[in-house]
Amino acid sequence: MPAWARAAVGFGGLLLVWQAIVLSRWVPQLYVPGVPAIAAALVGLLRDPAFWHHEALSLARAFGGLAFATLTGVGVALLAARHAVVARALAPIVQVMLSLPPAALVPLSIFALGLGWELFAFIVWFAAFWTVYAGANNALRASEPVQLQVARALGYGPWETLLKVRLPAATPEIFTAIRIAGAGCLMATVAAEMLAGRNGLGFLLYDAAFSLQTPTMFALLVVAGANGVLMNRVVLASRGRVASWHDRLSEMARA
Amino acid sequence: MIPTLPRALHAVAAAAVLALAWPQAPAQAQTAVKIGGLRTFPFLAVMHAQKQGYFKREGLDVEVIAVNSGPAVVSALMGGTVQVGYSASLPPIFARAANQPVRIFSQFSQETNKPDGSWTWLMASERSGVKTVKDLAGKTVAINATGALCELLVREHLARAGVPWDSVKKIVVPFPQTQAALQLGNADAACLIEPFRSNVRVAPEIRAVELGGGAVPGAASPYALDVLFVREDWGRANLDVLRRVNRGMEAALKDFRTQPGLLRRLIAEDFKLSPAAISLMKYDMEFTELRVGPADVRPLLEGLARHKLLPATLRPEDVILELK
Amino acid sequence: MSSAAHPARHGAPGAVFVGGLLLAWEGAARALGSPGLPPLSAVLAALWADAGELVLQMGWTVARAAAGFALALAVMLPLGIFIGRTPRVGQFVEPLIDLLRPLPPLAIVPVAMLFLGTGSAAKVAVVFYGASFPLLLNAIDATRATHPMLVNVGRSIGLTRGEIMREIDLPAALPQIMGGVRLSLAIALLISVSSEMLLSTDGVGNYLMRAQETFRIASGLAGLLVIALVSLAINAGTRRIERRLLAWHHERHALAHD
C-alpha cells in the first residue's frame with residue numbers, strides 16, 4: 001500500500017472516531033459539529049480568496065520564525081558545544097523559557113515591540129529558539145567516542161571536530177528538535193494572532209468563535225492541523241538532504 | 001571615504017544623501033492617529049466613522065487597529081503603538097488605579113438603567129434551579145473576565161441580594177463558550193452581553209431565566225460603558241486632536257440615530273452573524289453625549305470602591321480628561 | 001576532571017548569567033520609569049505579599065502538569081518504541097501525529113471543556129495531549145536510530161521482539177528519550193499554565209490572568225517568576241535522575257573527552 005494511502009487510512013480512522021463521538025451526543029451537536037458540517041465549512045473556506053491571504057500570512061510567520069530560530073538555535077548550540085561555559089550559563093535560562101507561555105508574554109511584548117511584524121517575529125522566535133537550542137545542545141553533547149577518536153587521529157582541531165564530525169552526527173536529533181519546534185511555531189503564530197492580530201489563521205479562529213460559527217471554527221482547526229503536516233513535510237525534506245546517509249545506514253543494517 | 005566601494009554603491013549613497021537632505025514636502029494637513037480597540041459592536045461606530053471619511057473631514061488620518069484584549073490595548077497605548085484606545089469603561093479605570101497614566105476622554109454608550117436598557121445581563125439556566133439572585137448561594141457563576149463590567153455586575157447583584165461573594169463559585173469563561181457552559185451544567189448562571197445573551201435566551205435546552213441587568217443596578221445616574229482613552233501626556237499635548245476625534249465620532253453616531261437599521265446591517269456584515277441571531281437582539285445601543293464628565297464615571301468608581309476592587313481611592317477627575 | 005564533580009562550579013556560569021540579566025532588568029526598569037515595566041524589586045515585593053496564595057495556586061498547576069506528564073510518559077514511551085520498531089504501523093500513524101501536533105492548546109481547551117467540564121480533568125487532558133508529542137517523537141526517532149548492529153546481535157542470540165524492545169531499544173534510545181522527557185516536562189508545565197489562563201478556575205495561570213486584567217503588572221511578573229523557579233527546580237531534579245540512569249552513557253563520553 002503506498003504511503004499516502006496509509007496516511008489516508010489513519011486520517012479516515014480519526015474522522016470515524018470523531019463522527020462516532022458526535023453521534024453519541026455526549027456533547028450537543030451545536031457545539032461539536034459532525035464531519036459533514038465541518039467539511040462544508042472547510043469547502044467554503046477554501047473557496048474564499050480572503051482565507052488564502054490569511055493562511056499565507058500565518059504560514060509565512062511560522063516558517064520564517066522557525067528558520068530564524070533554527071539558525072540562531074543551532075548557532076548558539078555550536079558555541080555552547082565549543083565553550084562549555086556558554087552551555088552552563090544558558091542552562092537555567094533555557095529551562096525557564098521553555099516553561100513560559102507565550103500568551104503570558106504578549107502584553108509585555110506589545111508594550112516593548114508594538115503590534116507590527118516585530119511582535120510576531122519575537123513571539124514565534126521565542127517559542128522555537130529554546131527547543132531548537134536544547135535539542136541541538138543535547139545532540140552535540142552526545143558524540144560517539146569512536147567518532148571523536150577518529151577526528152583526533154585525523155588531527156582535527158576543536159572547531160573542525162565540531163563542524164565536520166559532531167555536527168553531522170548530531171543532525172538527526174537536531175532535526176527532531178526542529179520538528180517539535182515547528183509545531184510550536186505554528187501554535188505560537190496562531191496564539192499571537194488570536195491575542196493581538198488582525199489577520200492570519202488565529203484571527204480567523206477568534207473571529208469564528210466570537211461569531212458563534214462553530215463549524216467554521218473546526219474547519220480552521222483542520223487547516224491548522226494540515227499546516228502541521230505541511231510543516232513536518234518541509235522539515236523532513238530538509239532533513240533528507242542533510243541526514244539521509246544516516247537513515248540509509250540504519251535501513252541497510254535492518255535488512 | 002571608503003575607496004574600495006564599487007562605483008555603483010557610490011552613486012546610491014550620493015542619491016540617498018541627496019534625498020534625505022532635500023527639503024521635505026510641505027507638512028501634510030492630516031494628523032496621523034492610530035485607534036486600537038476590541039472588535040465589539042460599539043467599535044463599529046469607530047470603523048464606520050473611518051470608512052465614511054468623517055475623521056478625514058476633521059483633518060485626521062486615522063488607522064483602526066483591532067486588538068483582542070483590554071490589557072493589550074493599554075500596553076499598545078503605553079508603548080506608543082496606538083494613540084487612542086477603545087474598550088469598555090473598566091479596563092482604563094483599573095489601569096489608572098495601577099498608576100498607568102491613561103485618561104478617558106470620550107464615551108459613546110451609556111448604561112441608562114432603563115428596564116430594558118441594559119448592556120450586560122445575569123442569566124441562569126433552568127436546570128440550575130436558580131430563580132432569583134438569592135438562589136445563587138453555593139452555585140457557579142461564569143464571567144468573561146475580572147476587572148470587567150461582568151465582575152462588577154455579579155458583585156453588585158449579589159451584594160444587593162445579601163449573598164456573600166465567597167459563597168458563590170466563580171469561573172472565568174470567554175463569552176463564546178458561556179452558552180455551552182450553561183447548557184452542560186458547568187455553570188449555573190452567567191453574565192452575558194449581546195449577541196450571546198439573545199442566543200442563550202432562545203436556546204430551548206437552557207430555558208434561561210433572566211436574573212437582572214446592568215453593572216451598577218442601583219446607580220443614580222447613567223454611566224459610561226464604551227470609552228475612548230489616551231495616554232495622559234499625549235492627550236494633554238493634543239487636546240485639539242481629541243476634539244476632532246469626537247466630532248468624527250459624533251457624525252458616525254448621528255448616522256446610527258437617523259438610520260435605524262444601519263447598526264444591525266453593519267453587525268451582520270462585519271461579524272457575519274446570521275439574520276436570525278441579529279433579529280433576536282432586542283436592544284440597540286444608547287449613543288450619547290461624547291464628552292466625558294465626572295458624573296459619567298462616578299457610579300462605576302463608587303461601585304468598585306464598595307467591593308474594594310481598586311488598590312487606591314480614585315476620584316472621577318483623576319480618571320477623565322475633560323475636553324471643554 | 002569533569003566539572004560535573006563540582007556542582008557549585010558547574011552551576012556558577014548559569015548563576016552569574018542569570019544574576020547579570022536580573023541586574024540589567026532592575027537598571028532598565030528604573031531608567032525607563034514606566035509602570036508598564038516594574039523593576040525587579042517591585043516584583044519581589046509583590047511576590048512576598050502574595051507568597052501564600054502563589055504557593056497554593058502553583059501547587060494546583062504543578063499537580064495537573066505532573067498528572068498529565070505521567071500519563072503521557074506511561075502511554076507514549078512504549079508506544080513510541082513500538083512504532084519505531086514496526087515500520088508499518090509508523091506509516092499509518094505518523095501522518096496522524098503530524099496532523100494533531102500543531103493544534104494550539106488555545107483551540108483544544110474549549111473542546112476539552114465541552115467534554116470534560118471546567119475542572120481539572122479537562123486541563124490534565126490538554127496537558128497529556130501536549131506533553132505526549134515530544135515523548136512520542138523522540139522515542140520513535142531514537143528507536144529508529146539505534147545502531148542496527150545492536151539489534152542484530154539481539155536477534156542472533158534469539159531474543160523475542162518484545163525482549164529486543166525492552167533490553168536493547170530502551171537503553172539505547174534512553175539518552176535521546178531523556179532529552180524528550182525534559183522537553184515534555186517543560187511543555188507540561190507550560191500547557192498547564194496556558195490551560196488555566198483560558199479556563200480560569202484556579203492555578204497560577206488564573207492568577208496571571210487576574211493580574212493582567214486588573215493591571216497589577218508586578219504581580220503578573222511575580223507569577224512568571226514563580227513559574228520560572230518551579231521549572232528550574234523540576235529541571236534540577238530531572239538532571240539528577242538522568243545522571244543516575246545514564247551513568248554508563250556519561251562514563252563512555254568522559255573517557256572519550258579526556
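So you know, we letter chains A, B, ... as the sequences are listed, proteins then strands, and number each from 1. The structure presented is a predicted model; accordingly, all values stated were derived computationally and were not measured.
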All inter-chain donor-acceptor pairs under 3.5 Å (chain C, chain B):
from: C/S200; atom 1: N; to: B/V172; atom 2: O; distance (Å): 3.2
from: C/S200; atom 1: O; to: B/V172; atom 2: N; distance (Å): 3.0
from: C/R210; atom 1: NE; to: B/T146; atom 2: OG1; distance (Å): 2.8
from: C/E213; atom 1: OE1; to: B/T146; atom 2: N; distance (Å): 2.7
from: C/E213; atom 1: OE1; to: B/T146; atom 2: OG1; distance (Å): 2.3

Subject >> Choice from B/G70, B/G147, B/A95, B/G185 maximising heavy atom contacts with chain C below 4.5 Å >> reply: B/A95

Subject >> chain C interface, residue from B/G79, B/A180, B/P91 that has the most non-hydrogen pairs under 4.5 Å >> reply: B/P91

Let me have the donor-acceptor pairs involving side chains of residues 221-235 of chain C, under 3.5 Å, with sequence neighbours excluded, atom names and distances please.
from: C/S231; atom 1: OG; to: A/Q95; atom 2: O; distance (Å): 3.4
from: C/S231; atom 1: OG; to: C/A228; atom 2: O; distance (Å): 3.2

**OP:** Check whether B/A142 gets within reach of chain C through its side chain, its backbone, both or neither, counting any heavy atom under 4.5 Å.
**Re:** neither

**OP:** Can you see which heavy atom on B/A98 is nearest to which on C/F215, and at what distance?
**Re:**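 So the minimum-distance heavy-atom pair works out to CB-O, 3.2 Å.
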
Original post:
Is the CZ atom of B/F43 crowded by more than 12 outside heavy atoms at less than 6.0 Å?
Top reply: yes

**OP:** Measure the spacing between CZ of C/F115 and CG of B/L184 and express it to the nearest 0.5 Å.
**Re:** 9.5 Å

